[in-house]
Amino acid sequence: MTAELTPSMEATTPRAAARAATLRRARPNGWWGMALLIATEATLFGVLIASFFYLRFKNPHWPPAGTPKPKLLVPLVLAGVLVSTSVPMQIAASAARRGRLGLTRLALGASLFVGAGYLAMQIDRYAVSLRTLKPQESAYASIVYVLSGGHHAHVAVALLLNAFLLMRLSRGMTNYRLIAVQSVALYWHFVNVLALVVTATLLSAAA
């Protein structure tokens with residue numbers, strides 16, 4: 001058993017890391033750790049979304065009278081932009097598994113760039129919204145800010161993970177870094193699915 005694990009654990013070049021990934025028979029612990037984190041975060045957002053609809057069904061007016069309904073176009077476009085980052089992240093994970101360090105860096109950089117643009121626009125919209133709708137004004141405002149702010153925080157974490165990966169990969173590919181790329185790609189996919197769910201939930205108030 002030790003003899004089988006050693007080549008994988010000591011893989012410090014792109015080719016060796018790719019070979020270790022090919023020989024690996026099960027998901028690495030890092031991947032499972034990320035999967036468990038995602039499960040807990042999904043549970044958290046499940047509770048928040050359930051709270052949103054509970055409050056909606058308990059209030060005769062949703063949003064409250066005098067509160068403008070959410071616009072559809074910009075949130076949908078922004079959600080589409082963020083979801084598109086799953087493509088370069090999956091390319092990065094696949095490239096890392098094949099030992100293609102340059103393509104891995106390029107794909108990670110692309111997702112980081114697009115994701116950063118998305119987050120910058122959302123922060124600007126968030127700030128503008130706070131000028132006219134305060135979280136303490138109503139249950140609607142409170143849950144909207146919690147849901148959207150919570151998702152923005154997860155996007156920020158994903159961006160930080162990407163930046164950290166790029167920094168580490170500047171020193172080359174190893175087995176551990178390959179696993180990290182695959183784990184972060186899984187997290188990005190979760191954040192993007194969450195973007196669709198959160199956006200659909202918030203825009204349901206426009207119906």
Side-chain angles (χ1 to χ4, degrees), residues 31-90 93 111-164 183-207:
W31 187 94
W32 283 111
M34 183 61 76
L36 289 174
L37 173 64
I38 288 171
T40 60
E41 295 298 288
T43 302
L44 169 63
F45 274 89
V47 171
L48 292 176
I49 290 169
S51 299
F52 179 94
F53 286 105
Y54 173 81
L55 292 169
R56 177 176 184 172
F57 296 143
K58 287 293 183 178
N59 286 272
H61 301 287
W62 194 259
T67 302
K69 291 187 175 182
K71 305 297 183 182
L72 298 180
L73 181 59
V74 174
L76 288 174
V77 170
L78 288 176
V81 168
L82 183 63
V83 169
S84 71
T85 60
S86 275
V87 175
M89 285 306 299
Q90 190 58 39
S111 61
L112 178 62
F113 178 78
V114 175
Y118 164 87
L119 185 60
M121 289 197 66
Q122 288 288 31
I123 290 174
D124 180 69
R125 296 181 72 245
Y126 204 84
V128 170
S129 179
L130 281 170
R131 297 172 190 165
T132 56
L133 181 65
K134 307 296 183 183
Q136 65 271 22
E137 288 182 1
S138 64
Y140 170 79
S142 177
I143 193 64
V144 164
Y145 280 117
V146 169
L147 268 174
S148 58
H151 182 256
H152 298 341
H154 281 69
V155 174
V157 170
L159 293 173
L160 290 174
L161 289 173
N162 258 30
F164 175 76
S183 301
V184 172
L186 180 64
Y187 183 79
W188 268 88
H189 296 329
F190 162 70
V191 169
N192 289 342
V193 169
L194 195 59
L196 295 176
V197 175
V198 169
T199 300
T201 299
L202 296 178
L203 294 185
S204 68

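On a predicted model such as this, the values are computed, not experimentally measured, just so you know.
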**Prompt:** Counting heavy atoms not belonging to Tyr54, are there more than 12 under 6.0 Å from its OH?
**Reply:**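 Counting other residues, nucleotides and ligands, OH of Tyr54 stays at 12 neighbours or fewer.
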Nearest non-hydrogen partners of [X] and [Y], listed with the distance:
| X | Y | value |
| --- | --- | --- |
| Ala206 | Leu72 | CB-CD2, 4.1 Å |
| Leu112 | Asn162 | N-ND2, 3.7 Å |
| Ser204 | Arg56 | O-NH1, 2.9 Å |
| His152 | Leu119 | O-CD1, 3.7 Å |
| Thr43 | Ala39 | OG1-O, 2.9 Å |
| Ala79 | Thr199 | CB-OG1, 3.8 Å |

**Asked** Which class fits the ring pair Phe190 and His154: parallel under 30°, tilted 30 to 60°, perpendicular over 60°?
**Response**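 The arrangement is perpendicular - the two ring planes meet at more than 60°.
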From [X] atom [atom1] to [Y] atom [atom2], the distance as rounded to the nearest 0.5 Å:
| X | Y | atom1 | atom2 | result |
| --- | --- | --- | --- | --- |
| Phe52 | Leu202 | CZ | CG | 5.5 Å |
| Trp32 | Leu37 | CH2 | CG | 14.5 Å |
| Leu76 | Leu203 | CG | CG | 5.5 Å |
| Leu194 | Trp188 | CG | CH2 | 13.0 Å |
| Trp31 | Met34 | CH2 | CE | 11.0 Å |
| Leu159 | Phe113 | CG | CZ | 12.0 Å |

**Request:** Decide yes or no on side chain to side chain contact (heavy atoms under 4.5 Å, CB included) for Asn59 and Tyr140, but give the supporting numbers first.
**Result:** CA-CA 9 Å; Asn59 286 272; Tyr140 170 79; over 6 Å; no
Under a 4.5 Å cut-off applied to non-hydrogen side-chain atoms, are [X] and [Y] in contact?
| X | Y | value |
| --- | --- | --- |
| Tyr145 | Tyr126 | yes |
| Val144 | Pro135 | no |
| Tyr118 | Leu78 | yes |

**Request:** I would like to know whether Tyr187 and Leu161 meet side chain to side chain contact (heavy atoms under 4.5 Å, CB included); could you show each step before the answer?
**Result:** CA-CA 9 Å; Tyr187 183 79; Leu161 289 173; 4.1 Å; yes
**Request:** For the residue pair Arg125 and Ser148, confirm or rule out a side-chain donor-acceptor distance under 3.5 Å.
**Result:**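 No, no side-chain donor-acceptor pair sits under 3.5 Å.
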**Request:** Any chance you could lay out the side chain to side chain contact (heavy atoms under 4.5 Å, CB included) test for Leu82 and His151, step after step, and finish with the verdict?
**Result:** CA-CA 12 Å; Leu82 183 63; His151 182 256; 3.6 Å; yes
